[in-house]
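Written out below as structure tokens is the structure these notes cover.
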Amino acid sequence: MSATASYPHQPDYRRAEGAHTASHVPPTPPVDRTPPSLSGAAQLVVVGLAVLAGAAISLLRYLDVFTASWPVIWAASLATALAVMAIGVIAGAIAGRGGGGLTVTTAILAIPVVGATASAYVQDGPWGTTWTDSGNWDGGVVTGNVTEGYDLSFGEGTIDLRQLTGTSAAEATPVDVNLSFSTADLVVPDNVDVFLDADSSFGSVNSPSVGTDDAGRLQVVDAPGDEQIVVKADVSFSTLNVRAEAPATTSNTQN
């Protein structure tokens, strides 16, 4: 038998080696079809516009363009900011861009919007009187008295001081009035001198005036006699409206 003879039953190792190599070709990597997110600059622009829109609502309330109570204004401000951010996410989706961190921020902002809306409804809606009268929450209600001072936060109310008769200048003790994100009417008697010492940082004071004294206090009423009343008001993001009326027969401080 010749040395070069071939045997039918002998495998072709070269063919097997080629087949083995072809079976280990790496698969084609999957295509990432996730749309690119909005750029960081674009997301910051949307957040900035949302903050400005929400602040504009509060500013319009501060300028008395809107007359709703402050809890309602806060809810509206947050809802406006949420709407602007949602519009940014939708506009990005239309342009084929993902929201990225803007989507997460919008979802998180929805939580305080719901809370603020519920709070405004509880205070101004049918539950407001019952909850307030129970003493569980003083927000939005005038609290205090002449001795300890009056406080009002996130609400509207009237502070009536017409029952005061005034004292001499040496004995006059200021009546403290502290307002935060509120609107209050301060009613003073018109038969004694009334001086108003107001710190109206980020707030406004609307009051009649007959001048100022040596201490720089606004004189609201100039009446015969030496008796006087001094009101020291801290008005923060609020509006204080002052008016003088005839003395009341009974004391009355109401919401």
Side-chain angles (χ1 to χ4, degrees), residues 54-77 120 123-124 128 138-166 169 172-225 227-248 250-255:
I57 300 297
S58 299
L59 178 61
L60 291 175
R61 174 62 180 86
Y62 170 74
L63 296 176
D64 292 330
V65 176
F66 294 154
T67 58
S69 63
W70 277 105
V72 174
I73 292 299
W74 279 115
S77 297
Q123 180 178 338
D124 293 343
D138 288 333
V141 180
V142 176
T143 60
N145 50 53
V146 173
T147 304
E148 298 177 355
Y150 296 93
D151 294 282
L152 176 60
S153 299
F154 297 97
E156 299 179 357
T158 299
I159 301 172
D160 195 339
L161 302 181
R162 290 177 295 168
Q163 76 276 11
L164 298 183
T165 57
T173 301
V175 178
D176 291 327
V177 174
N178 300 304
L179 305 180
S180 299
F181 301 99
S182 302
T183 298
D185 292 328
L186 176 64
V187 186
V188 298
D190 62 0
N191 63 341
V192 296
D193 292 345
V194 178
F195 294 92
L196 177 62
D197 183 7
D199 180 4
S200 55
S201 302
F202 303 103
S204 64
V205 176
N206 303 315
S207 171
S209 172
V210 296
T212 57
D213 64 0
D214 295 337
R217 300 176 301 185
L218 184 71
Q219 186 166 2
V220 180
V221 177
D222 184 9
E227 292 79 13
Q228 63 177 240
I229 297 171
V230 178
V231 178
K232 186 175 182 180
D234 184 0
V235 185
S236 299
F237 297 96
S238 303
T239 301
L240 178 64
N241 301 310
V242 184
R243 67 179 185 270
E245 296 182 359
T250 58
S251 62
N252 180 28
T253 300
Q254 60 184 9
N255 182 33

* **Qualifying residues under side chain to side chain contact (heavy atoms under 4.5 Å, CB included), relative to Ala184, sequence neighbours excluded** => Leu152, Leu179, Leu240
Between side-chain atoms of residues 188-196 and protein atoms elsewhere (two or more places apart, or another chain), which donor-acceptor pairs fall under 3.5 Å?
from: Asp193; atom 1: OD1; to: Ala223; atom 2: N; distance (Å): 2.6

* Interatomic spacing from CD1 in Ile159 to CG in Asn145 - rounded to 0.5 Å -> 11.5 Å
* Structure fact -> Across all chains, not counting sequence neighbours, the side chain to side chain contact (heavy atoms under 4.5 Å, CB included) partners of Ser204 are Tyr62, Thr239
* Find the distance between CG (Leu164) and CD (Glu227) and round it off to the nearest 0.5 Å. => 12.5 Å
* Structure fact -> Taken in chain and number order and not counting sequence neighbours, the residues that satisfy ring pair (Phe, Tyr, Trp, His ring centres under 6.0 Å) with Phe237 are Phe181, Phe202
* To do: Give, for atom CG of Asn178 and atom CG of Asp234, the distance between the pair rounded to the nearest 0.5 Å.
  => 5.5 Å
* What is the distance from atom CG of Asp185 to atom CG of Asp160, rounded to the nearest 0.5 Å? -> 10.5 Å
* In this structure, which one of Asp176, Asp199, Val175 forms a side-chain contact (heavy atoms from CB on, under 4.5 Å) with Lys232? -> Asp176
* Structure fact -> side chain to side chain donor-acceptor pair (under 3.5 Å) pairs touching residues 205-220, sequence neighbours excluded, are Asn206-Asn241, Asp213-Arg217
* Full working for side chain to side chain contact (heavy atoms under 4.5 Å, CB included) between Val231 and Val242 -> CA-CA 11 Å; Val231 178; Val242 184; over 6 Å; no
* **Residues in side-chain hydrogen bond (donor to acceptor under 3.5 Å, both in side chains) contact with Ser182, at least two apart in sequence or another chain** => none
